[in-house]
Every structure is written in C-alpha cells, then in structure tokens.
Amino acid sequence: MKNNVLKYFAVLSLAAVFSACSLDQYPHVETTSKDVYVSVANYEAVLAGIYSSLIVNLSDISSDDRFQNYTRSLIMFQEATTDNIDNVWAAGESTTDLNNLCWTASDQWVSAIYYHIYNIVALSNELIRNAADSEIERFSEGDRALIIRYRNEARGLRALAYSHAIDFFPAVSFVDENSGVGSYIPPIYDRKQLFGYVESELKDLQNLLPSSCYGHFTSATASALLARLYLNAEVYTGESRYDDCIAACQSVFNAGFSLENDYHKLFNADNHLRTNEIIFSLACDATHTVAWGAGTYLVCATRFDNYVDILKDFGVNAYWNCLRARRELVNKFEDGDSRGEFISCDRIFFDSENTDYYAVAGDDTYMYKDRPVDIAAHDDTSTGYLLSKWSNLTDDGEPASDTSVSGADTDFPMFRLAEVNLIFAEAVLRGGQGASKTDALEKVNDLRKRAYGNESGNITAQQLTLDFILDERARELYTECCRRTDLIRYGKYTSGYNWNWKGGVEDGKDVDSKYKYLPIPEAELSANPSLKPVNTQYGF
C-alpha cells in the first residue's frame with residue numbers, strides 16, 4: 001500500500017470524462033463539462049487520471065488490451081527492439097516486428113505508443129486550460145495554490161509525453177492548452193521545435209514545483225528529464241548541449257538524493273520506500289488499481305513456466321512467458337556484479353524419475369536443467385536466460401498482492417539518481433564543461449561499489465571511456481526504458497553493431513536507418529495532410 005502517494009490511483013472516476021476523447025485521427029479533446037472543475041478535489045481527481053493513464057489499460061487506444069498500456073508500449077520499443085530484451089508470447093502476440101526491427105506504419109505497437117503519447121497530451125491540456133488563472137479566480141488563495149500546483153504537474157507530464165514523441169518520431173502534431181478542439185488540425189513541429197518547447201517548459205517548472213514528493217512530477221524530475229534531453233540533443237536537434245546537461249545533473253545532485261544501498265530493493269514491491277534514489281516513479285498500487293503495464297508487466301512478463309514456484313521467489317502466481325535476456329546483455333556482466341540478475345536454468349519440483357533434469361546435493365525440493373544463453377527462436381521459451389531483476393515481494397520476502405487478479409505492487413522508476421550519475425559522466429566525456437573527469441569517475445565508481453559490494457569493481461580514469469559508459473548503462477538500467485535511445489545516440493542501433501535476432505537473423509544484421517524513427521500511424525497521415533511518412537520526408 002502506497003499510503004504516502006497522494007490518492008492518485010484511488011480516484012479514477014473523473015478520468016472517465018476524458019478517456020472518451022476520440023484519438024483515432026488527429027489529437028483533440030471534446031469540450032470538458034464545466035461541472036467537473038468545481039472543486040479542488042475534482043482538479044486533483046483529474047490529475048490522478050492523467051497519472052493513472054501512464055499505467056492502466058485504456059480501451060480507447062486499441063480494441064486489443066495488449067496495446068492499451070503506455071508503459072508496456074514504451075518497454076516494447078525501448079527494450080525489445082535492442083540488445084537487452086527479447087519478447088516472446090507463445091499465445092501469438094505480434095512482437096516479431098519489434099524483435100526484428102521491421103515495423104511499418106500499420107503496426108499496432110506503433111499506433112499504440114503514438115496515441116498513448118497524445119492521450120497524455122490531451123488530458124494534460126484540458127486540465128491546464130481549466131486551471132488558467134482566469135478560470136480559478138473564484139477559489140480561495142489556498143485552493144488556488146493547490147490548483148496551480150496540479151496545473152504545473154500536468155505541464156510536467158505533458159513535457160514527459162512530448163519528450164517521448166521527440167525520441168520516437170521525426171515530426172509530430174503540436175497541441176497545447178491554447179489549441180483548438182474538435183475539427184482543429186494542429187501544426188507540425190519537427191524535433192528541434194518540440195525540443196525547444198519541452199526545454200522551456202521544464203526550465204520553468206524547475207522553479208515552480210517542490211524538489212521532491214514521491215509519485216509526483218517535481219522540480220527534480222524536471223531537472224532529470226532536462227538532463228536526458230540535453231544528453232540526446234545532438235541527435236534531436238543537431239546541436240550538442242553537454243554543458244547544459246552537466247548543469248541539469250548538478251541540479252539533481254543538489255536536491256539531496258542519494259544511492260540506495262541495496263540495488264535489488266529498487267525493484268521490489270516496497271520500492272516506494274526508496275525515496276532517497278528514485279526521483280520519479282509511476283506508483284502501482286494493486287489495492288486501488290489494476291495495472292497490467294509498468295511494474296506488473298516487468299514482474300510478471302519475466303516469469304516463465306519453465307521455472308516453477310515463482311510465488312515463493314518473486315511473489316508472482318502467474319506465468320506470462322514474455323521477456324527474457326538477449327545474450328549480449330548477459331555477456332556484459334562480470335563475476336561479482338550483483339546487478340546481473342539472470343536465471344540460467346529451468347526448474348521443476350523434485351522428481352527422481354525425470355532424467356532430463358539434474359539434482360543438486362542438499363536440495364530435495366527442485367531439479368534443474370541448464371538453459372542456453374542463445375535464443376533459438378522468438379517462440380522458443382526453452383532458450384535464453386530469464387530475468388530476475390523485478391519482483392512483487394516486500395522487503396520481508398512476502399508477496400505484496402495477487403498478481404493474477406490485481407497485478408503487482410511494484411512501482412516503475414522512470415528516473416533514478418543512478419541514471420543521472422551516468423548521464424553526468426557521459427556528458428563530461430563528450431566534452432561538457434562544468435565538471436572534471438575525476439568527478440565523472442567518482443559518480444561511476446559509486447555505482448560500481450554498490451554493484452560489487454566493495455571497491456573490487458572500481459575502474460580507473462583510463463578505463464572510463466564512452467564505450468564503457470554505454471555498457472555500464474546496460475548493466476545499471478536494463479529494462480528501465482533507456483536502451484534504444486542509448487544505442488541511437490552512440491550510432492549503434494541500426495548498423496555497426498548487431499545482436500541475437502536483430503533483423504530476423506540469429507546472429508543479427510544491419511537494418512535500414514529509417515528504423516531509428518517510428519513511422520507516423522496511417523490514420524494520422526490521412527487526418528493531417530501536413531504529416532509525411534518517414535521514408536518520404538526524411539530521405540530514407
């Protein structure tokens with residue numbers, strides 16, 4: 001139970017006012033009933049709906065519940081299209097296009113992430129519009145202050161959604177609280193224009209929001225998101241912003257965050273207690289909301305029925321048989337690095353007559369069979385190492401919820417101090433001013449000390465290279481929705497570096513450079529004539 005989180009996922013009824021918005025063509029919202037914005041509690045409930053839309057299934061996005069969740073779609077593109085994760089769904093989920101990097105504008109995953117982004121934008125715009133100074137004059141001074149805070153948090157969530165639009169698409173429709181509704185056709189912003197807008201919003205919010213409040217978009221969240229944007233600015237706009245990146249990181253450092261001593265506790269059902277390291281998290285509370293994305297997806301989708309008794313080990317009572325590690329991720333870890341949480345065997349209950357499995361001395365509960373690290377095929381669940389990073393266990397080792405009924409109780413950290421440490425180090429190595437390589441080395445070795453439990457994994461200044469940072473980001477942040485962006489920034493996503501089954505070939509192959517982007521969904525191209533297919537507008 002996340003009692004310290006402001007009722008965000010206990011109040012969802014008013015969000016239904018907005019979930020009926022039509023998003024099957026260009027982004028727009030219906031005029032909101034003036035009956036909604038009559039109390040501070042209702043403003044809070046609307047904001048709750050925006051937060052919840054990042055983790056719950058939304059039937060308006062797709063008729064198929066596999067595509068109805070924002071974070072699930074984000075995980076699929078940021079992880080399953082890379083050297084980190086392979087996705088398999090034995091029941092027939094259409095993930096081959098993602099695994100092989102061969103999607104098209106008609107792919108349902110492409111449509112899902114696009115419309116999830118614009119759902120958050122539309123919901124945020126509606127709250128911001130109705131929380132304008134002129135709209136809240138009738139409230140008391142104290143109530144106005146609360147509504148303004150909710151307005152600013154909605155601006156932060158809108159900036160977060162637009163940051164994903166920048167990352168995935170070369171140009172998109174732009175709508176804000178001042179845009180028309182109904183039949184309004186919005187203008188097109190390219191990456192540079194949208195980057196400038198998001199940057200301006202975040203810089204403003206750095207001064208308007210509290211520095212920390214778990215489960216909320218805060219000023220520290222704005223700084224962390226700015227650091228991410230600045231690190232990738234050269235990809236997005238053609239101009240490097242590493243000095244600004246270092247300054248944004250230092251804003252986070254100055255906010256007083258510290259690394260959690262136990263890496264594993266950042267990803268269990270009590271991870272809402274890690275307010276020292278987690279800057280912004282999507283709070284999943286199985287008591288109040290059923291969420292099949294975010295933490296639930298990572299907890300349940302990494303469980304395979306080849307490995308029995310998962311309730312005891314992970315607090316999960318349902319096997320989803322979806323996500324497993326690619327060999328390239330496994331091979332990045334050295335002995336002693338506790339972050340490499342993989343399962344290299346299948347497990348059954350002890351059966352002395354089963355000759356396919358072996359017994360281990362002193363263990364009369366289970367028998368085992370080794371798994372090959374190489375994935376034989378996307379629909380072959382018997383190969384590839386399994387992931388054990390995420391769990392639904394409390395700190396006391398007890399299941400936090402019934403995952404088959406209400407999902408997991410594990411929050412999804414969108415920003416952690418550890419990532420900011422690595423952003424800072426990379427910006428320094430790329431020539432950013434305002435910090436030294438000695439400072440960068442210290443931030444990296446702080447993570448290494450935690451990973452190894454001592455200084456045995458520390459690196460030297462000579463070992464601190466950009467390639468090392470790329471691999472260290474994989475080790476520290478796998479499954480946390482960064483990898484696709486990282487590989488593109490390093491020029492290793494579509495060509496020059498291959499992994500198991502990239503391009504549909506077992507050993508991997510280069511793919512067309514157009515896959516650095518997602519295509520605009522076909523319905524959007526029809527609705528807004530200013531939008532162009534990626535391959536015609538951008539020369540691929």
L259, V252, N445 screened by side chain to side chain contact (heavy atoms under 4.5 Å, CB included) with N421, the one that passes = L259
Do E328 and K502 meet the salt-bridge criterion of a basic N to acidic O distance under 4.0 Å?
-> no
Is the shortest heavy-atom distance from the side chain of R489 to the side chain of D486 under 4.5 Å?
-> yes
Is the shortest distance from a Lys or Arg side-chain nitrogen in R339 or D337 to a carboxylate oxygen in the other one below 4.0 Å?
-> yes
Any Lys/Arg nitrogen of K332 or D83 sitting under 4.0 Å from an Asp/Glu carboxylate oxygen of the other?
-> yes
Taking atom types as modelled and ignoring hydrogens, do the side chains of N100 and H378 form a donor-acceptor contact shorter than 3.5 angstrom?
-> yes
Quick check: does any side chain N or O of R326 sit under 3.5 Å from a backbone N or O of T82, one acting as donor and the other as acceptor?
-> yes
Check: F217 main-chain N/O paired with Y51 side-chain donor or acceptor under 3.5 Å = yes
Taking the six-membered ring for Trp, are the ring centroids of F342 and Y478 within less than 6.0 Å of each other?
-> yes
Please test N317 against D402 for side-chain hydrogen bond (donor to acceptor under 3.5 Å, both in side chains), starting from the C-alpha separation and ending with a verdict.
-> CA-CA 7 Å; N317 55 4; D402 183 343; 2.6 Å; yes
Relative to each other, are the rings of F267 and W390 parallel, tilted or perpendicular (30° and 60° limits)?
-> perpendicular
With a 3.5 Å cut-off and no angle check, do the side chains of Y358 and D370 form a donor-acceptor pair?
-> yes
Cationic N near anionic O, under 4.0 Å, D507 to R327 | yes
Counting distance only, does the side-chain N/O of E426 pair as donor-acceptor with the main-chain N or O of I423 below 3.5 Å?
-> no
Check for a donor-acceptor pair, side chain of E79 on one end and backbone N or O of T479 on the other, with a separation under 3.5 Å.
-> yes
Is it true that E260 and R416 make a salt bridge, defined as a side-chain N closer than 4.0 Å to a carboxylate O?
-> no
Does N232 reach the main-chain N or O of R228 with its side chain, forming a donor-acceptor pair under 3.5 Å?
-> yes
Does any donor atom in the side chain of N392 or S401 lie under 3.5 Å from an acceptor atom in the other side chain?
-> yes
Got a salt bridge between E334 and R475, using NZ or NE/NH1/NH2 to carboxylate O under 4.0 Å?
-> no
Indicate yes or no: does K492 engage D467 in a salt bridge with an N to O separation below 4.0 Å.
-> yes
Any luck finding a side-chain donor-acceptor pair between N458 and R448 under 3.5 Å?
-> no
4.5 Å side-chain heavy-atom contact, K389 and Y263 = yes
Closest approach of A294 and F412, non-hydrogen atoms and distance?
-> CB-CB, 4.0 Å
Would you please classify the geometry between the F253 ring and the F424 ring as parallel, tilted or perpendicular, with 30° and 60° separating the classes?
-> perpendicular
Is there a donor in the side chain of D395 and an acceptor in the side chain of N268, or the other way round, less than 3.5 Å apart?
-> yes
T394 and D396 side chains, donor-acceptor separation under 3.5 Å | no
Applying side-chain contact (heavy atoms from CB on, under 4.5 Å), run through F77 and L98 and close with a yes or a no.
-> CA-CA 7 Å; F77 279 109; L98 276 69; 4.1 Å; yes
Salt-bridge test for K265 and D270: reply yes if a basic N is under 4.0 Å from a carboxylate O, no otherwise.
-> no
If you measure only the distance, is there a donor-acceptor pair under 3.5 Å linking the side chains of N119 and Y70?
-> no
Charged N-O contact under 4.0 Å between D313 and R347 = yes
Check whether the side chains of D309 and Y366 place a donor and an acceptor atom closer than 3.5 Å, and report yes or no.
-> yes
Side chain of R303, backbone of Y319: donor and acceptor closer than 3.5 Å?
-> no
So, does T410 use its side chain to make a donor-acceptor pair with the main chain of S391 at under 3.5 Å?
-> yes
Residue among D167, N84, T71 satisfying side-chain hydrogen bond (donor to acceptor under 3.5 Å, both in side chains) with Q78 | D167
In terms of heavy-atom contacts, L393 and P399 come closest through CD2-N, 3.7 Å
